[in-house]
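As structure tokens, the structure follows; a few thoughts come after it.
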Amino acid sequence: MKLLYFAWVRTNIGKAEEELVAPDHVQTVEGLLDWLATLGPQYAAALDRRNVIKVAINHEYVEHDHPVRPDDEIALFPPVTGG
Amino acid sequence: MKLLYFAWVRTNIGKAEEELVAPDHVQTVEGLLDWLATLGPQYAAALDRRNVIKVAINHEYVEHDHPVRPDDEIALFPPVTGG
Amino acid sequence: MIRVQREDFDIGTELALLTEGNSKIGGLASFVGLVRDLADQGAVSAMTLEHYPGMTEKRLAEIEAEARSRWPLDGVLIIHRYGRLEPGDRIVLVATTSAHRQAALESCAFLIDWLKTKAPFWKLEEGAKGTAWVEAKESDDRAAEKWKR
Amino acid sequence: MIRVQREDFDIGTELALLTEGNSKIGGLASFVGLVRDLADQGAVSAMTLEHYPGMTEKRLAEIEAEARSRWPLDGVLIIHRYGRLEPGDRIVLVATTSAHRQAALESCAFLIDWLKTKAPFWKLEEGAKGTAWVEAKESDDRAAEKWKR
């Protein structure tokens, strides 16, 4: 799957995007976030305030219980502050 | 007193303004409207829908029970429709 | 600022003047009223706006003062035209600037709603069957009511 | 119409395009958001707006469609900039036209309120002590809430 990070999720993780192959047990956004947080301290820090992280799959907002699939483009970011 | 008429009050009466000396018993807007309506059929027609006529004395909106004085500038007009 | 004038105005120029050189402004809200072409309803091909010189400016200044007392505003601009106007012509511009978005948006809506029921302007419409004075609309009264305190 | 761009825009030109040649329009409402100078509070001297290309345009188009489903609108314009902006710079323009004043005013307020909580933009402020990501405001959530159905 393709992961995209924005704003402080991006600056904490230290990259804007990456291709990752998640283990089979990662079936939902929740599971994905749990697994990402194990990839290193910068991931753990970026995902620390778990409940505020917004998730978009293929450009649509989804809740944390939404399923994830290997060919998804999944974006993680803080609440938006434009306008 | 100086009377000013606008919109259909003006077109009904047939003039935009006039100087009038009201009789002594004309003490309020109400009394003024009663008296004006006796000045001719065009006045009666203009003031027929009495309750919708708006009144401004010296550029300030007033109610129909407001006193009138000989040196007032008194404007009579329909509800406004600008904007 | 209040302007009552026969001439047209340029929206871009007016709005630029309102924000120029003031970087404390976070939001600029504006509303422009235009003459609608209702020819397909047998109505307006043009209209003439009458007003009460002297009183108009005072009442508009009062409306501006009321807006400033309710919201923290930087700039307030009201331009209202009079005379003969044709479909598509601009009638009125109201614009407000503030550090805060909601203050600008709310005060702009307030200004036009109050102006519509308080500023001494009257529209004489030219239609297929001659001219007719526009009747005041209840919907405008209701719009003004909601700002009553 | 939706535009997401680095370049500045001219308010007068954009609003003129929105009304040009359509004399069914009775009202044009607009809102412009600008970068505020908070230097006296030790905060912003400038900011950088990040966004999510592709998703941004889709979410803005969705917001436009939602406005059109709620109000009878002729034109809808949303321009949002990204990149580095300085105090006084324009960030966003939303504008709507309609035969009816309230439709234009309400939909304009709706667009900016929804955009603020739904369009994927993030502000990185440059202050005296370095850079910081702007935190989302509860007041913006409340402003969007009031349009929920």
Side-chain angles (χ1 to χ4, degrees), chain B residues 1-20 28-29 32-33 36-37 40-83, chain C residues 2 4 31-36 44 47-63 78-83 85 90-94 108-125 130-141 143-144:
Chain B
M1 57 189 56
K2 185 178 183 184
L3 276 295
L4 298 181
Y5 311 122
F6 293 97
W8 52 252
V9 176
R10 173 177 62 76
T11 48
N12 276 335
I13 292 180
K15 57 183 101 170
E17 58 179 271
E18 60 188 325
E19 283 285 345
L20 289 176
T28 64
V29 168
L32 175 67
L33 294 175
L36 284 174
Q42 71 278 36
Y43 287 90
L47 304 175
D48 181 46
R49 290 162 63 194
R50 175 78 61 94
N51 59 330
V52 309
I53 303 276
K54 301 289 180 188
V55 183
I57 297 185
N58 306 324
H59 297 158
E60 302 281 343
Y61 285 107
V62 298
E63 299 297 327
H64 287 199
D65 60 359
H66 195 278
V68 295
R69 285 179 302 215
D71 57 346
D72 281 341
E73 173 174 311
I74 304 177
L76 308 180
F77 47 79
V80 303
T81 57
Chain C
I2 304 299
V4 181
F31 177 81
V32 178
L34 303 126
V35 181
R36 280 170 69 193
V44 181
M47 64 166 62
T48 300
L49 266 150
E50 180 171 333
H51 79 118
Y52 182 177
M55 180 171 173
T56 310
E57 293 79 357
K58 281 187 198 163
R59 294 287 70 79
L60 292 177
E62 188 178 61
I63 293 169
I78 304 176
I79 304 176
H80 202 302
R81 295 176 68 189
Y82 60 87
L85 300 173
R90 287 171 277 273
I91 303 169
V92 61
L93 166 68
V94 301
C108 179
F110 165 83
L111 286 172
I112 187 68
D113 283 347
W114 267 36
L115 183 159
K116 283 222 158 233
T117 60
K118 296 184 195 300
F121 288 96
W122 303 273
K123 287 180 182 141
L124 180 66
E125 286 184 345
T131 63
W133 292 99
V134 172
E135 288 287 315
K137 281 187 263 171
E138 260 188 69
S139 60
D140 286 336
D141 289 336

**Message:** Quick one: does any side-chain atom of R81(C) pair with a main-chain N or O of R90(C) as donor and acceptor, under 3.5 Å?
**Reply:** yes
**Request:** Would you please name every residue forming a side-chain contact (heavy atoms from CB on, under 4.5 Å) with T28(B), sequence neighbours left out?
**Result:** E30(B)
**Asked** Is the closest basic N to carboxylate O distance between E50(C) and R10(B) below 4.0 Å?
**Response** yes
**Message:** Using heavy-atom distances under 4.5 Å, tell me whether K116(C) contacts chain B through its side chain, its backbone, both, or neither.
**Reply:** both
**Message:** At a 4.5 Å cut-off on heavy atoms, which part of L124(C) comes close to chain B: side chain, backbone, both, or neither?
**Reply:** neither
**Request:** Report the option among D141(C), L115(C), V134(C) that has the most heavy-atom pairs separated by less than 4.5 Å from atoms of chain B.
**Result:** V134(C)
**Residue pairs passing the salt bridge (charged side-chain N to carboxylate O under 4.0 Å, His left out) test where at least one lies in residues 51-65 of chain B, sequence neighbours excluded** = E60(B)-R59(C)
**Message:** Any non-hydrogen side-chain atom of L32(B) less than 4.5 Å from a side-chain atom of L3(B)?
**Reply:** yes
**All side-chain contact (heavy atoms from CB on, under 4.5 Å) counterparts of T56(C), not counting sequence neighbours** = V4(C), H51(C), Y52(C), L60(C), P120(C), F121(C)
**Request:** Start with the C-alpha gap between T131(C) and T48(C), add the side-chain angles, then the distance that decides, and say whether side-chain contact (heavy atoms from CB on, under 4.5 Å) holds.
**Result:** CA-CA 10 Å; T131(C) 63; T48(C) 300; over 6 Å; no
**Message:** At under 4.5 Å between heavy atoms, what parts of residues 67-83 of chain B are in contact with chain C? List them by residue number.
**Reply:** E73(B), A75(B), F77(B), P78(B), P79(B), V80(B), T81(B), G82(B), G83(B)
